[in-house]
Amino acid sequence: MSTAPSMAATNQNSTQEPATSNSGTSQMESEIQLVSSLAKLQELERKIHELRGFMPQGLLEPLVPIANPDKVSLGNPIAETPRILRASLDETARARVADVQQFQSLWRDPELAFVWAHVESRIREANGQLLQPTGKWERDYDVLLEELARKEKSKVDERQREDEEAERIKAQSTEGEWKNVLERFVQRDIPGIRVIKSQDGTSLAVALVRAGVVFQIKGISFPGSPVSDWEVSSNIAGRSPTKLENAILECVGSRPRKWDLAFLLDMISSYADIKQTPCVKCNRLADNGAQLPTLRRPRANEQSFNGPARIYTFDALHSGCA
C-alpha cells in the first residue's frame, strides 16, 4: 500500500497546478471534476488505512473475546460453540473481502484514471523520481466538493429563474398568446383528453375521460393586464370533489410556472391514464394505503413541438415515494 504518498503528492501538485500538464490534464479542467477526483483520493487513502488493520486484527476479531474476556461486548460476544465461532469468522472474512472489493472498485473508477495518468506524467517529467508528498492533506475535499456543488446549483437555479421570468414577460406581452397555446394543445389530440372552450373569455374545461375527472381552468388577470395566473378547480354542480380529485388539485395548485398555460395543460393531461400509470420510484400502481400516484414531478428534458412551443413531461409518484 505504498500509493498513499503518491495520493498526497497528487493533492499537493494538483492544488498548485490544476491544469498545466500534458497527459489527461484537459479532462480535469473543470474545478468540480478536479475536486471530485481529489475527494476520491482522500477516500482511497482512508480506506488504505482501514485495509492495513484487516490483517490480522480485522479477520481475527471474533477470537478477541475468547483470548481476552475483558473485550467482550454486545456486538462481539464469546462464541458459545465451535459452529458459531466458524460462522462468525466466515462472516468477518466476507465483510473484509467486500471492503477490499469496494476499494478496488473505487481505485478503478474511470474518473481516477486521469489522476493516475497525471501522476505518471509528473513522474516521467521528474526522470522517474517519485513525487514527494507533504504528508498531509491541505483541505477536506469532500467538504469542498459539497460547497462547489451548492454554488453551482445556486447558479443554475438563478439562470432558470431568469429564463422563466423572460418567458413569462414574453408570453404576457403578446395579446391572446394563451389562445395560441390552447389551440396548439387541442391540435395534439391527446387520447383521453377533451377540451371544452367557454364563451366568457379566459376559461375552459379539461375532461380526463378515462379517469372520469373534469377540471375547470380560469385565467386570473387585472383590468387592462394579461393573464398572470391560472386557477384550477373541479367544482361540478350537485357534488363535491372526490378524494382523487382533491389530491390532484393539491398537486396542481402547488405547481411552478403558474402563469404558463402550456405547463398546466400538460400537467393535467399527465393524469389522463392515472388509473394505469405506476409510480416511477416503486413501480407500483397503488401504494400500501391503496392510493394512486397523484404527485407529478416535471422532467428536466422538454421536447420541442411546433417550433418554439414546448411539451412538458411529468413523472408520476406516490406521496410516500416523493
Side-chain angles (χ1 to χ4, degrees), residues 153 156-198 201-211 213-222 225-235 241 244-274 277 279-280 292-319 322:
K153 185 178 184 304
V156 171
D157 291 344
E158 181 62 26
R159 285 195 297 267
Q160 288 179 341
R161 284 192 294 268
E162 291 175 354
D163 291 344
E164 181 177 335
E165 180 62 15
E167 285 185 65
R168 185 189 66 80
I169 293 174
K170 182 178 179 181
Q172 294 182 350
S173 63
T174 304
E175 184 67 27
E177 173 60 19
W178 70 272
K179 295 180 182 178
N180 297 328
V181 170
L182 179 58
E183 189 60 33
R184 288 193 294 264
F185 180 79
V186 172
Q187 288 175 359
R188 284 160 56 189
D189 194 22
I190 302 173
I193 302 290
R194 286 188 58 198
V195 177
I196 303 98
K197 304 176 186 178
S198 70
T202 56
S203 64
L204 60 139
V206 178
L208 307 183
V209 179
R210 297 170 186 171
V213 179
V214 178
F215 290 107
Q216 308 290 332
I217 301 176
K218 182 174 178 57
I220 305 299
S221 63
F222 298 100
S225 300
V227 175
S228 59
D229 195 356
W230 294 91
E231 188 179 78
V232 186
S233 66
S234 63
N235 296 326
L244 176 62
E245 290 171 344
N246 281 330
I248 295 175
L249 286 171
E250 183 178 353
C251 182
V252 171
S254 62
R255 72 189 184 280
R257 303 177 66 91
K258 293 191 175 182
W259 54 270
D260 192 342
L261 181 60
F263 186 92
L264 173 59
L265 292 172
D266 284 338
M267 186 176 192
I268 290 177
S269 66
S270 71
Y271 290 99
D273 292 323
I274 188 172
T277 304
C279 172
V280 295
L292 295 172
T294 56
L295 297 185
R296 291 295 182 270
R297 180 168 57 197
R299 296 176 187 170
N301 57 321
E302 294 163 355
Q303 301 173 348
S304 233
F305 180 83
N306 195 18
R310 289 186 293 183
I311 296 177
Y312 297 92
T313 53
F314 297 81
D315 287 327
L317 290 158
H318 295 116
S319 58

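Numbers here are sequence positions counted from 1.
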Looking at [X] and [Y], what are the two nearest heavy atoms and their distance?
X      : Y      : result
Phe215 : Glu245 : CE2-O, 4.5 Å
Thr277 : Ala316 : CG2-CB, 4.0 Å
Pro191 : Arg210 : CB-NH2, 3.6 Å

Is the shortest heavy-atom distance from the side chain of [X] to the side chain of [Y] under 4.5 Å?
X      : Y      : answer
Ile274 : Ile248 : yes
Ser198 : Lys218 : no
Leu182 : Lys179 : no
Ile196 : Leu204 : no
Thr294 : Ser319 : no
His318 : Leu295 : no
Cys279 : Leu317 : yes
Leu208 : Val214 : no

Would you call [X] and [Y] a salt bridge, using N to O less than 4.0 angstrom?
X      : Y      : value
Arg159 : Glu162 : no
Asp157 : Lys153 : yes
Arg168 : Glu165 : yes
Arg188 : Asp266 : yes

Spatial distance of atom [atom1] ([X]) from atom [atom2] ([Y]) [nearest 0.5 Å]:
X      : Y      : atom1 : atom2 : result
Tyr271 : Ile193 : OH    : CD1   : 12.0 Å
Trp259 : Glu167 : CH2   : CD    : 5.0 Å
Ser203 : Glu231 : OG    : CD    : 11.5 Å
Leu264 : Ser269 : CG    : OG    : 9.5 Å
Asp163 : Glu158 : CG    : CD    : 10.0 Å
Ile217 : Leu265 : CD1   : CG    : 5.0 Å

(message) Is there a salt bridge (charged side-chain N to carboxylate O under 4.0 Å, His left out) between Arg296 and Asp315? Walk through the geometry before answering.
(response) CA-CA 5 Å; Arg296 291 295 182 270; Asp315 287 327; over 6 Å; no
(message) Between Trp230 and Trp178, does the side chain to side chain contact (heavy atoms under 4.5 Å, CB included) criterion hold? Intermediate values first, please.
(response) CA-CA 11 Å; Trp230 294 91; Trp178 70 272; 3.7 Å; yes
(request) Take Asp189 and Arg184 through the test salt bridge (charged side-chain N to carboxylate O under 4.0 Å, His left out) and record every step on the way to the result. (result) CA-CA 9 Å; Asp189 194 22; Arg184 288 193 294 264; over 6 Å; no
(request) Answer yes or no: is there a donor N or O on one side and an acceptor on the other, between the side chain of Ser234 and the main chain of Leu249, under 3.5 Å? (result) no
(message) Donor-acceptor check, side chain of Lys258 to backbone of Gly253, threshold 3.5 angstrom: yes or no?
(response) yes
(request) Determine whether more than 12 heavy atoms belonging to other residues, nucleotides or ligands lie under 6.0 Å from atom CD of Glu164. (result) yes
(request) State which residues pass side chain to side chain contact (heavy atoms under 4.5 Å, CB included) with Ala262; sequence neighbours excluded, sorted by chain then number. (result) Val181, Asp260, Tyr312
(request) For side chain to side chain contact (heavy atoms under 4.5 Å, CB included), just list the numbers for Arg299 and Phe314, CA-CA rounded to whole Å, side-chain angles, deciding distance to a tenth of an Å, and then say yes or no. (result) CA-CA 5 Å; Arg299 296 176 187 170; Phe314 297 81; 6.0 Å; no
(request) Verify whether one side chain among Asn180 and Glu177 offers a donor that lies under 3.5 Å from an acceptor in the other. (result) yes
